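The structure appears below as structure tokens.
Treat the numbers as computed from the prediction; the structure is a model and nothing was measured. Both counts, for ligands and for their atoms, begin at 1 and track the order of listing.
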Amino acid sequence: MSTRSGIGYDSHRFVAGRPLRLGGVSIPWTHGLAGHSDGDAVLHAVVDALLGAAALGDIGTHFPDSDPQWKGVESARFAREAVRLLGERGLVPVHVDVTVIVERPRLGPHIAAMREATARALGLPVDEVSIKAKTNEGMGWIGRGEGLGVVAVATVRGSSG
Ligand code: MG
């Protein structure tokens, strides 16, 4: 049985007038995240981690923002597609761990819903999906509220073993 891990990172700029989507849920806030899709940086980092674990490239390879079919789509679609691509290589996700670095809004009240939606998109039990949030202590572009960053680690396993 082979176990592999992959890392993913994403960052998006905050823009006024867009809904804020993170971890597959809508979060009430004055700004959303810029992006060709819904801008869900949590799911984008998770997708990159999954693809990395399978050495399948990155999210831009599979879902290029030059392709109109991905415009405005829910990022859960990318997650489901990444799981399908892993399946073609005989791999299944078993665990993901995510850290969101954002000054505001505070994500504490939304973490449970984000975990549930992310788990659903990946076909995982919710206790195999960890999502944490922290501030950047007011430092730099995150501290100034210009955007947010996300890091994710995914663990995948051979589906036959
Ligand atoms: Mg992204």
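A distance-only check finds no donor-acceptor pair linking the side chain of K71 to the backbone of S37 [under 3.5 Å]. Counting only distance, with no hydrogens or angles, the side chain of E103 and the backbone of T135 share no donor-acceptor pair below 3.5 Å. Distance alone, capped at 3.5 Å, is enough to place a donor-acceptor pair between the N136 side chain and the M139 backbone.
The atom of D10 nearest to the Mg ion (ligand 1) is OD2, with the search restricted to N, O or S atoms. Of all N/O/S atoms in H12, NE2 sits nearest the Mg ion (ligand 1). H44 contributes atom ND1 as its closest N/O/S atom to the Mg ion (ligand 1).
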Exercise for the section: Report the C-alpha separation of R77 and E74 in whole Å, then their side-chain angles, then the decisive distance to 0.1 Å, and conclude whether the salt bridge (Lys or Arg N to Asp or Glu O under 4.0 Å) test is met. Expected result: CA-CA 6 Å; R77 265 183 67 188; E74 283 202 17; over 6 Å; no
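For the Mg ion (ligand 1), the N/O/S atoms of D40 include none lying under 2.8 Å.
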